Structure formats: C-alpha cells, structure tokens
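Notes to accompany the following structure.
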Amino acid sequence: MADRDWKHTACILCAANCGIEVALGEAADSRRFVRIRGDKHHPGSRGYTCEKGLRLDHYQNDVGRLTSPMRRRADGSFEAIDWDTAIAEVAARFGEIIDRHGGERILFYGGGGQGNHLGGGYGSATRAALGIRYVSNALAQEKTGEFWVDGQLFGRSRCHTTGDYERAQVMVFWGKNPWQSHGFPEARRVLKAAAADPSRTVVVVDPRRSETAELADLHLRPRPGGDAFVLAALVSLVAERYCQRAWVEAHCTGADEIRAAVAGIDVAEYCRRGGVDETDVRRLAELIGTATGGVSIYEDLGIQMAPHSTLNSYLEKLIVVLTGNLGVPGGMNLHSRFASLGGGGSGGRSGADEPRTPVTGHRLVTGLVPCNVIPDEILGEHPDRFRALLVESGNPAHSLADSQRMRAAIEATELCVVIDVAMTETARLADYVLPAASQFEKWECTFFNLEFPRNVFHARRPVLDPLPGTLPEAEIHARLCRALGAVTDDDLAPLHHAAAGGPDAYAAALFEAVVERPQLGKLLPVVLYETLGPTLRCADGTDAQQASALWGLAQLCAAQFGPSIRRAGIGGGVADEALGQALFQAIIDHPAGVVFTVDDYPETLRRVEHDDGRIHLAIPVLLDELRALAGEHPPGPDDAFPVVLSAGERRSGTANTIMRDPSWRRTDPHGALRVSPADAARYGLRDGGRARVITRRGSAVAVVEVNEAMREGHVSLPNGYGLGPTGDTVGVAPNELTASEDRDWFAGTPFHKHVPARLEPVG
Ligand code: SF4
C-alpha cells in the first residue's frame, strides 16, 4: 500500500488519543477502514497503539448510525425528517421552553468525548443562544473533585498536574491500571521500561492484582473503600519524616496546618483500617520521600469514584507537594493547555458564594452540575427544575448512575434533543435526534493535551466526507444559532468583509464587533465558522473551515503560553500579536499532530495562579474530613450486601462507550463478573456459570469468571457493556446497579467503584 493511501487521524477510545493511519477500501468498501496502523509521525505516540485502536472500523461503520434527523411521534416511534424541518422545529420548541420557563431551565449535557472536543466547542454558541446556564458532562462524575482541589491548591482548577512518567524514579498508580486504561503516551512501553530498570520503582495501589500490578515492584491491596486511610497514613509519615521543609516554606502556605492535622494519626491503626500492611506503607513513604529522580503519582477512578473521593485527591497532592516533587524532572508538573477542560475556570471558591444547582442546591464543582444530582434536578415539582435537555455526544441514560431514575428524568422533561452519531440509549428517549458526522468525517481534536515538558496538539482532518444525511456539529450549531435568531446576515456582514483582508484585519474587526455587541463574543465559535472559516486553508490548500473555532483558541493559547510555543519552534520571528495566527497555521498544517509547547520544569511554579504565587496547602473543609477519619471505619461488608462491586472496570475488550457494536471485542464476549476463588466457593459460583448480582438499586445476571487477581470480598464488572447498536444488548449495563445517592458528599462524584452487592448462583 502506497504512503498516499494512508490518512492521518487518531484513536478516540481513550484519553491517550494515539495517532493512527487508516487506509480505506475500494468500491463497496470505500467507507471502510480496511487497515489501521500506528502513526510514526505523531509526535506524542510515535507509532504506538494498543490493540483497541486497530478496530475502529466498528465505530465508523456501526450499524446503528443515523442518516437522518429523527422526530418522535405521539406513539413513541420515530420518523425521519429533513434537516430544515428539524432545525426549525428544534429552535421553535426551545423557544417555547424559554418563553415558559427561561433558558436557565434547559440543561446541557455532554459536548464531546475523549477525542471529539471540537464539536463541543461549537456547542457553546448554541448554549449562549439559548441562554443555558447549567452544564454537565462525564467529567462531573470522574474528575471534578480533583479539579476543585487543584483550584484550591494552585489558584485555578485549570492548574492541572501531570506526571513525568518517562523520567520518574518512582511512579505510583493509585486506583489506576494504565496497562488497560492508558492515560499517558505509550503507557505499556513506558511501564515495561520502568519495570525493567533496577534504578526505578513502579508502585501500584489497587485491591486487584491488575496487569500493571503484575509489573510492579510494590503492590498494596487496600480494602475497597479504605484508600483514604492509607493516604492519610502516608501523608502523616511524609509530613513527619520526608517533608522538604525549606522548599515547602519557600513555595507554600499552610504547611503548619497540615502538620497539625496529621500529627495525631495512628499509622498502624489507619493501615489496619485501610486493609494494608503497615510495613508496605512505610516502605512506600520511604521510596517517595528519598527519591532523588522525581516521583509521579497517577490517581484515577479507582479512588475518584469511591468513598472520600475529593479527600483522596487532596491527600495524594499533599504527598507530592510536601516531598517537593512538583516542578522537577520525573515529578508532577503544571502543563500547558490549548484549551481548558471542565465547565468553569475558577474552581477556587467554596462557601456561601459558590454557585449552586437550582433544586438540590448542590455546589457546581468547577462549573459543572454533578451528574448524580441530575435526576433530582428534573424530577419532582420544584418550580426551578430543569424542563428541557440538550445532549451532545453524551449518553446519560446509560453512563450516569442509576439508569432507571435517569431514564425517568429524561422522560419527565418537556423537550429532549440529542446530537449524536447513533441511536443511543438517550437518543431513544429524545423528542428529536440530530445525526452528527462521525469523528472521522470532520475536523476534530482533543483538548486532553496534558503532557509536560512537550505538549502535543493534533488537529485531525476528515478521513471521509460526512455520511449522507449527517452534518458536522459546527454546521448543526451554526444552523441552530441562525434559526434561534442569535446571528443574522447583518451581524456577520462586516466580519465577512474583514475576513477577505486577512487575519490581522479580521482580528481588528472582530474585536470592534464584540465590543459593540458583546453577545457576539459568546457566539464566537459559530461567528468564526461563518465568517473567517470560509477563508481558512492549510498550506496544501485543504479547506479548514470546520477548524475555525481553533483559530480563536490559538489566540488565547498564544497569549498565555507564548514563550513555550516559541520554544516549540512555532512563530519564528513573528511579533507576539501574530503568534496566535502562527500557532493556528502550524496545527492545521501538521495532519499528524505537532508539539505546540515545550516547557522548562521551573515553569510549573510560575503557573501557580494564586495572587501570592504560592501553593495554598490548607483546605479547611477537607482538613475537617481528614480529622473525622479518626472516628470512622471503612464501610465493611454487611449481611445484605457482603461484597463490594467495582462497576465499570477497564479491560482489554472495553473502551469508552462509543464502541457500540459488541463484535469489536475479541475476548470477554459477555463482560464477565470477576470473583475471587474464595468468594466463588462461598457463594456457590463456578467459572463459566452465571450469577445474579444484587445491589440496593437493582439486579442483573452475569457470566462468572473466577479470577485469582481479585481480592476476597471484591468483585468487578467491566464498563462499556449493556449497549447495542439496535437495542439488543450484551452484558450488564453497570448503571442499572448503581444508585444516584451513593456519591461523594463534596463533589457529588459517584461511587461506581464501591457498590455494595451480594451474589447468588443462577441455574
Ligand atoms: S485505546 Fe488508547 S492507548 Fe489504545 S490505541 Fe486507542 S488511544 Fe491509544
């Protein structure tokens, strides 16, 4: 196959977003990915992929893909309608909602997945046009606790830390199995290299002996739900013995409050409550405290979707900071970003002035409505409840806790509109479904640009034209904004004219237009798409209209990270005012991705955004929670629910839920329930047999896999099952078993990794 037959793009199945090249078939197969390989030209992944990325044809050619807008009939069935009718009716129906209740009563959910954030960027214009104030997405059931802690420590929730795993002397994976869930470039290669190097140490903290734990030098297996005790013991040891006092005094405030809060911790007792050997915890403290080549810690969903979620994030970050492993090679660093993730930038407020949700009064964590309170914000008779939903590239009926209540909530809305590529579980409940082009049929990108010191941005060009009947989100939102009357030809005429004069003339005209009419600024992605977009071209002449939202973001990125962009070799001799344009041109001219920033390690401390430039270690509300651990014991087994179910384990045959076709998997066809040999014997289960899993919320029957890697009392089901392209499903949908009230008291993040359950043999 000649080089010209391969097209650069990226895998969209996990946040690593490895570069891939795809080759299309011929004739009847001309829309099929007949071959896929790792892209050696991608500056982040350099040809690396795992096995999952090589099966993306199952996404691109899913049999459940939509090819026409759909409208629900009175009897609940759907009928195909044309785009003009769909856009006009959706705009009119939302207009009625606004007239009756106001735009604040519309909830927006979604806005992109692990590799498709560009469409969500255009969605912000429709949100502004509708007057939507409340937003939620998957981050609000995974990462908002951690982001909030970042905001408190470093000044803004966008001050996100990332590990330097290539160089770390000690790498710790806490509630994380990068062998399967990846999370950083070339994860398996990096893990194998570290494991083979006697001067480096890999540590895993996970109840299960995961694939990563198999490689580790030290594996701690806490009792499910006991991590906060282990972390607290570790902070206590670190604060007492390994604190880099001079460094902490120079860069932090609040160290005395931390020392006081952990001084009385009985390490042996906390280890016992956490279910780990005290000797192992002391060894881990010493490894971290004496490392001279940097310590990187990756905390993930195993502790973020479990009891004490936000506290866990806080304690993990204290370990890093107290030992001076921030802003050093091999340690944790504050990375650059092309765009901010999350719903809101501040993340620093707590207390009476925090923004709250309208019904339950739950805090908006980093600007997002916690997913687990959404049903309570819709169901019932509260006058301020959400009355309508706009869902884009999200599937809350499947992926949020307590699917039964979530379905009831969606059905209780007066209007639900879904923008997606397929007839998802949520789309089946909607009033209108607008079919989007797939992530390989339009310009796309990820804003998961989380690397340090070299950070990569990959603006992906379309591999195919949109499937007939579908539209890219940029076009859908442009049409919606026009139908809603938010943008008119008169508004845009001066900008059309200015765009013909080149980027400088355009930037000046845009500034003037936004000053004159600030609402245009909120509609910016669509304004750019409509006016500047038609003039945008790659160096080879490729049309880049759909990438126009990136032009605006490139200006912001250049203003914030100019020296890092220049260190990456972008901008040459251009003036600072032109750096954003140079950055934009660089990213659209590199179809396999480009390094857009190169940082120095000291950059990290300069990125702390508190006014005094210091890290604020004391977070009073979480220190109270830490102190309260003294009187608490981890939730133990009870007679009704004696095991802990981890609902949503990442395995070799699971990815995110955009892979809806079950035939993409080569292993684990039914999504087996993994149980330890001891539990199998106790509950009368056999390998290959079936078990009923019963929780407080529901029950489901699963195929049993007796698995030596499981800890006694801990069972797991995989994520990504219970989906089906045409409504028939395979395996257990995890959220049929979870309850929305099981959530972190502070951030509202669900306890998917800690679901009390019992098991019964079936048949
Ligand atoms: S699943 Fe993740 S690690 Fe595997 S190829 Fe895709 S992006 Fe890369």
Side-chain angles (χ1 to χ4, degrees), residues 6-23 33 35-62 112-118 138 142-143 162-163 165-166 171 173 176-194 210-212 215 298 300-301 341 393 399 438-440 444-451 455-460 463 591-593 648-668 671 718-721 723:
W6 292 94
K7 295 174 186 288
H8 302 285
T9 182
C11 175
I12 49 178
L13 296 180
C14 86
N17 293 119
C18 301
I20 56 172
E21 290 181 287
V22 302
F33 296 171
R35 289 185 64 187
I36 301 177
R37 68 184 184 190
D39 188 351
K40 293 192 172 86
H41 303 285
H42 188 281
S45 55
R46 302 182 295 180
Y48 171 95
T49 69
C50 73
E51 68 281 7
K52 299 173 193 176
L54 307 181
R55 300 182 206 152
L56 277 162
D57 187 60
H58 289 272
Y59 158 77
Q60 172 59 28
N61 291 297
D62 184 293
Q114 282 155 332
N116 63 331
H117 294 135
L118 187 52
E142 297 177 349
K143 297 288 175 186
T162 196
Y165 304 101
E166 280 276 2
M171 54 177 82
F173 300 104
K176 170 80 183 169
N177 177 18
W179 190 266
Q180 294 298 3
S181 63
H182 309 282
F184 54 91
E186 305 181 70
R188 292 178 183 174
R189 184 191 64 71
V190 171
L191 286 173
K192 282 197 274 192
S210 64
E211 293 86 344
T212 309
L215 291 171
Y298 201 135
D300 209 359
L301 304 188
L341 288 166
S393 297
S399 60
S438 86
Q439 296 174 46
F440 299 105
E444 257 302 358
C445 68
T446 175
F447 296 137
F448 286 147
N449 321 109
L450 312 176
E451 304 313 315
N455 210 350
V456 172
F457 192 85
H458 187 187
R460 312 192 305 265
V463 171
E649 185 188 12
R650 187 61 65 92
R651 298 178 184 168
S652 67
T654 71
N656 53 35
T657 51
I658 68 165
M659 289 291 246
R660 302 182 56 79
D661 172 4
S663 69
W664 84 275
R665 297 187 188 94
R666 295 201 175 142
T667 59
D668 199 14
N719 75 318
Y721 285 76
L723 298 163

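We count residues from 1, following the sequence as given. Remember, predicted model here, so these are calculated numbers, not experimental data. Read the numbers this way: they start at 1 and go in the same order the structure lists the ligands and their atoms.
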Could you list which atoms of ligand 1 come closer than 4.0 Å to a heavy atom of [X]?
X     : result
Asn17 : 7 (S)
Thr49 : 5 (S)
Leu13 : 1 (S)

* Asked: Between atom 8 (Fe) of ligand 1 and Cys18, is there an N, O or S atom separated by less than 2.8 Å?
  ->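 Short answer: yes, at least one N, O or S atom is under the cut-off.
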
* Confirm or rule out an N/O/S atom of Cys11, from backbone or side chain, lying less than 2.8 Å from atom 2 (Fe) of ligand 1. =>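 Checking Cys11: none of its N, O or S atoms is under 2.8 Å.
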
* To do: Please work out which of the three classes, parallel, tilted or perpendicular, describes the rings of His182 and Tyr48, given edges at 30° and 60°.
  =>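 Correct class here is perpendicular.
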
* **Main-chain N/O of Asp62 paired with Asp661 side-chain donor or acceptor, under 3.5 Å** =>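 Side chain of Asp661 to backbone of Asp62: no pair is present.
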
* May I ask you to say whether Asp300 pairs ionically with Lys143, meaning some side-chain N is under 4.0 Å from a carboxylate O? =>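 Salt bridge flag = yes for Lys143 with Asp300.
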
* Short N-O contact, Glu211 and Arg651, less than 4.0 angstrom ->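 Salt bridge absent between Glu211 and Arg651.
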
* For atom 2 (Fe) of ligand 1, grab the closest protein heavy atom and report residue, atom and distance to one decimal in Å. =>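 Looking only at protein heavy atoms, the one closest to atom 2 (Fe) of ligand 1 is Cys14 SG, 2.3 Å.
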
* For residues Asp39 and Trp6, determine if any side-chain heavy atom of one lies less than 4.5 Å from a side-chain heavy atom of the other. =>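 Not in contact.
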
* **Cys50 N/O/S atom closer than 2.8 Å to atom 6 (Fe) of ligand 1** =>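 Given the 2.8 Å cut-off, Cys50 does not count as a ligand of atom 6 (Fe) of ligand 1.
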
* **NZ/Lys52: more than 12 non-hydrogen atoms of other groups inside 6.0 Å** =>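 Counting neighbours around NZ of Lys52, more than 12 heavy atoms of other residues, nucleotides or ligands fall under 6.0 Å, so yes.
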
